[in-house]
Number of protein chains: 2
Amino acid sequence: MTIKYDKKEPLYEQLMDTIKVKIKNDYKADDKLPSEREIMRKYSVSRNTVRQALNELEILGLIYRQHGKGTFVANATDNPATLGNEHSFTKQMIALGRKPETKIMEYSVRPANKYFANKLNINEGDRIIKLKRLRSADKVPVMIDRTYLPFSKFEGLSAVELEVKHRSLYAVFAEDFGEEFRIADEALSAGRISDKDADVLQVAQGSPGLMLKRTTFNQQNEIIEFTLSSTRSDQYVYNIRYKNTKI
Amino acid sequence: MTIKYDKKEPLYEQLMDTIKVKIKNDYKADDKLPSEREIMRKYSVSRNTVRQALNELEILGLIYRQHGKGTFVANATDNPATLGNEHSFTKQMIALGRKPETKIMEYSVRPANKYFANKLNINEGDRIIKLKRLRSADKVPVMIDRTYLPFSKFEGLSAVELEVKHRSLYAVFAEDFGEEFRIADEALSAGRISDKDADVLQVAQGSPGLMLKRTTFNQQNEIIEFTLSSTRSDQYVYNIRYKNTKI
DNA sequence: CAGTGGTCTAGACCACGCC
DNA sequence: GCGTGGTCTAGACCACTGC
């Protein structure tokens, strides 16, 4: 693994990726990384570049530093990854060095029953799109998402396109339908994974899971998405970073 | 407002504070800040120092940058969340029309074992304060918090004071010890409530619960708090609102 | 084209932890 | 004392935006 100045990717990003791989394969929690000066010599980059890479890894929660002592591998299961703002499963898994996959299990259009009509603030009987997706990391099933969309806003959305292209749902909303989200409200709780989902997620029946409900609003404050999510608690941790913006 | 190299505070922090004040008093959302090179000349510091200050402000969500255009003031009200979640339990319960209560079950000072020394980024054997609290709503037990603090930073914290006065932990940190939080990282997962906690929370053994880990950093990026929280999933839902600061 | 932020270098000194 | 991460400088070139 070498760092090349081929202009395609910044040096510090290449360095980040290199170190990520090492963290995943060669190191375990609390192992000491080479010092900044060693890394600098090893890859023939300046110390600032090394520090830029390490800063990013620190923000991602993959390493921690101790003044006068060194840089160490963080315990991945304790404090993984990034800020939740993206609510992006994909990004978080990549940050953790795992390979994410999303498989569409169901795609259908149907009339809304009372519950979903209420959730999407439309009339009972109006058409909705249901999208059921299984998310995995390194081939391990992690999460089942059931997403409900008002058909009127996303007519023409095709399952194929979602499957083929590597874009987040939010990217599709914005790029293909001009629906940019303004607010997303999420509610997290713990529960028992349903028997049906437990089979798909390959866990014992009755296992605890992280349950999430999300309602997303567009710029006009209309509801554009309602999602129910069921997650294996041993495979996924939901991270949030609060910042004190007080000046 | 000048930047001095008097060794007390790093230049980039002084610069950060200076810019913060300007953002608060002189600028409004989406105003353009002076360019990095202008700031550099104005305060007689290097561009790297300017960028270090701006990077921090960007992480805090106070500014945003656009390549080729400039640096701008972010919309403060759009920012992720601010307030210490100490409030969230109390506030949320009040909002739901329930009467919240907090009872201190344990208050002790002890040497840190390896796990907590790591979590607080202190040395094994350094003293830590352990605070165990039960939170209830309308006399129904809801949540058990176990909070670990570095004794060196909170020497003199008394359980009595916490019990008597109605202040959040964060208020005590700030008002009595001058420790203002800058970032709080929370990790949420689902799990089974321990048998011991199940008795206190009055649920069946093996019941699922919402588990939370929180690490709080002060303005100097030192860890001031580590908390483990175990919550009855039938009594509490964790709500988050994401706002799109789209630029 | 000029001006902006993004990346990078090769040095330097300081503050901290440990022996 | 020595090695560590933390801060800082004075340059340089690149990539993007807008005129």
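So that the names make sense, note that chain A is the first sequence line, chain B the second, and so on, each numbered from 1.
Heavy-atom neighbours of A:Lys32 NZ from other residues, nucleotides or ligands within 6.0 Å: above the threshold of 12. Remark: B:Lys132 NZ is packed, more than 12 non-hydrogen atoms of other residues, nucleotides or ligands lying under 6.0 Å away. Within a 6.0 Å sphere centred on NZ of A:Lys213, heavy atoms belonging to other residues, nucleotides or ligands number 12 at most.
As rounded to whole Å, 8 Å separates atom C1' of C:dG6 from atom CD of A:Gln52. In this structure, A:Glu36 atom CD and D:dT7 atom C1' are separated by 11 Å, rounded to whole Å. When the P atom of C:dA10 is taken as reference, atom CG of A:Asn48 falls 11 Å away, rounded to whole Å. Nucleotide C:dA12 holds its P atom 13 Å from the CZ atom of A:Arg47, rounded to whole Å. Per the geometry, CG belonging to B:Asn55 stands 13 Å off P belonging to D:dC8, to the nearest Å. One interatomic measurement links the two molecules: CE of B:Met40 to P of C:dG6, which rounds to 16 Å at whole-angstrom precision. One atom, CD of A:Glu13, and another, C1' of C:dC8, lie 14 Å apart when rounded to the nearest Å.
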Could you list the protein-to-nucleotides 16-19 of chain C atom pairs, N/O on both sides, closer than 3.5 Å?
none

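Here B:Phe181 and B:Tyr170 bring their ring centres to under 6.0 angstrom of each other.
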* **Residue pair B:Arg65, B:Glu58: steps toward the salt bridge (Lys or Arg N to Asp or Glu O under 4.0 Å) verdict** => CA-CA 8 Å; B:Arg65 287 146 139 176; B:Glu58 190 179 20; 3.0 Å; yes
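Donor-acceptor pairing under 3.5 Å, judged by distance alone, is present between the side chain of A:Arg37 and the base of D:dG5.
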Name each donor-acceptor pair under 3.5 Å that joins a side chain in residues 66-74 of chain A to protein atoms two or more places apart or in another chain, with its distance.
unit_1	atom_1	unit_2	atom_2	d
A:Gln66	NE2	B:Asn121	OD1	2.6

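For the OP1/OP2 pair of C:dC8 and a distance below 4.0 Å, the side-chain nitrogens and oxygens of A:Tyr12 include no atom meeting the criterion.
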